[in-house]
J.: 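Mind looking over this structure? Questions follow.
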Amino acid sequence: VQLQASGGGLVQAGGSLRLSCVASGTIFSFNAMSWYRQAPGKQRELVATVALGGSTNYADSVKGRFTISRDGAKNTVYLQMNSLKPEDIAVYYCRGSYQRDYWGQGTLVTVSS
């Protein structure tokens, strides 16, 4: 099983980015798919989670700005990030959970002020 994240880049404060994470090699649907991020010098933190049924949870710091969605049939998860702030700068990782956790490689998001 492999998860491939993409969509990171450089954006000005107030701008938007859309991250994607595509899983391959699976014959099951992840129970949950999530985005995490790790800023320089900080621990990895949960950004948002979407369950197979569609329920979502967000970190307080991104509520109202970020939207997580998924295509369950394709084990694909997206993160629409709007109103980006310099404090959103981090490497963003996707995770799929089914009996164990599977992680994608990170994609870097940089926000210029």
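Note: hydrogens, waters and symmetry copies are ignored here, and every other heavy atom, side chains too, is used. Computed from a predicted model, the values in this text were never measured in an experiment.
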J.: Rounded at 0.5 Å granularity, tell me how far OG in S20 sits from CG in D71.
T.: 11.0 Å

J.: Do L79 and V91 share a hydrophobic cluster (ILVMFWY, side-chain heavy atoms under 4.5 Å, transitive)?
T.: no

J.: Does one hydrophobic cluster hold both V22 and Y36, with members joined at side-chain heavy-atom distances below 4.5 Å?
T.: no

J.: For S16 and S83, which heavy atoms make the closest approach, and how far apart are they?
T.: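 Smallest heavy-atom distance, with atoms named: OG-N, 4.4 Å.
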
J.: Please list, chain by chain and in numerical order, all residues satisfying ring-ring contact (aromatic ring centres under 6.0 Å, His included) with F30, sequence neighbours excluded.
T.: F28, Y102

J.: For the OG1 atom of T76 and the CG atom of L3, what is their distance to the nearest 0.5 Å?
T.: 9.0 Å

J.: Less than 4.5 Å apart, side chain to side chain, heavy atoms only: is that true for N57 and L46?
T.: no

J.: Nearest heavy-atom pair of S29 and L52: which atoms, and what distance?
T.: CB-CD1, 3.9 Å

J.: Are M81 and V62 co-members of a hydrophobic cluster defined by side-chain heavy atoms under 4.5 Å apart?
T.: yes

J.: Once you round to the nearest 0.5 Å, how far does CD1 of I27 lie from CG of N75?
T.: 11.0 Å

J.: At what distance, to the nearest 0.5 angstrom, does CG of L84 lie from OG of S113?
T.: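 Rounded to the nearest 0.5 Å, the CG-OG separation comes out at 13.0 Å.
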
J.: Out of curiosity, does Y93 fall in the hydrophobic cluster containing L108 (side-chain heavy atoms, cut-off under 4.5 Å, transitive links)?
T.: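 L108 and Y93: one cluster.
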
J.: Using a 4.5 Å cut-off on heavy atoms from C-beta on, say whether the side chain of T107 contacts that of S6.
T.: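 In short, these two side chains do not touch, never coming nearer than 4.5 Å.
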
J.: Give a yes or no on whether the backbone of G104 and the side-chain of Q4 come within a donor-acceptor separation of less than 3.5 Å.
T.: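 Looks like no, no N/O pair under 3.5 Å.
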
J.: Looking at C94 and V77, what are the two nearest heavy atoms and their distance?
T.: CB-CG1, 4.4 Å

J.: Is there a path from V11 to Y92 through hydrophobic residues (I, L, V, M, F, W, Y) whose side chains come within less than 4.5 Å of each other?
T.: yes

J.: With a sphere of 6.0 Å drawn around CD of Q80, does it hold more than 12 non-hydrogen atoms of other residues, nucleotides or ligands?
T.: yes

J.: Would you give the length of the straight line joining atom CG of L10 to atom CD of Q12, rounded to the nearest 0.5 angstrom?
T.: 8.0 Å

J.: Does a donor on one side chain and an acceptor on the other come within less than 3.5 Å for Y78 and R18?
T.: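 Checked: Y78/R18 side chains show no N/O donor-acceptor pair below 3.5 Å.
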
J.: Does any non-hydrogen side-chain atom of V109 lie less than 4.5 Å from one of R37?
T.: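 No, too far: nothing below the 4.5 Å cut-off.
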
J.: If you apply the rule salt bridge (charged side-chain N to carboxylate O under 4.0 Å, His left out), what do you find for K63 with D60, and how did you get there?
T.: CA-CA 5 Å; K63 282 181 181 177; D60 287 343; 3.1 Å; yes

J.: Please report the interatomic distance OG1(T56) to CZ(F66), rounded to the nearest 0.5 Å.
T.: 14.0 Å

J.: For a quick test of reading the model, state the closest non-hydrogen atom pair linking N31 to R70 and the distance between them.
T.: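 Closest heavy-atom pair between N31 and R70: O-NH1, 3.9 Å.
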
J.: Please check if the side chain of Y58 supplies one atom and the backbone of G64 the other of a donor-acceptor pair under 3.5 Å.
T.: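 Not at all, since once roles are kept as given, no pair shorter than 3.5 Å links the two residues.
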
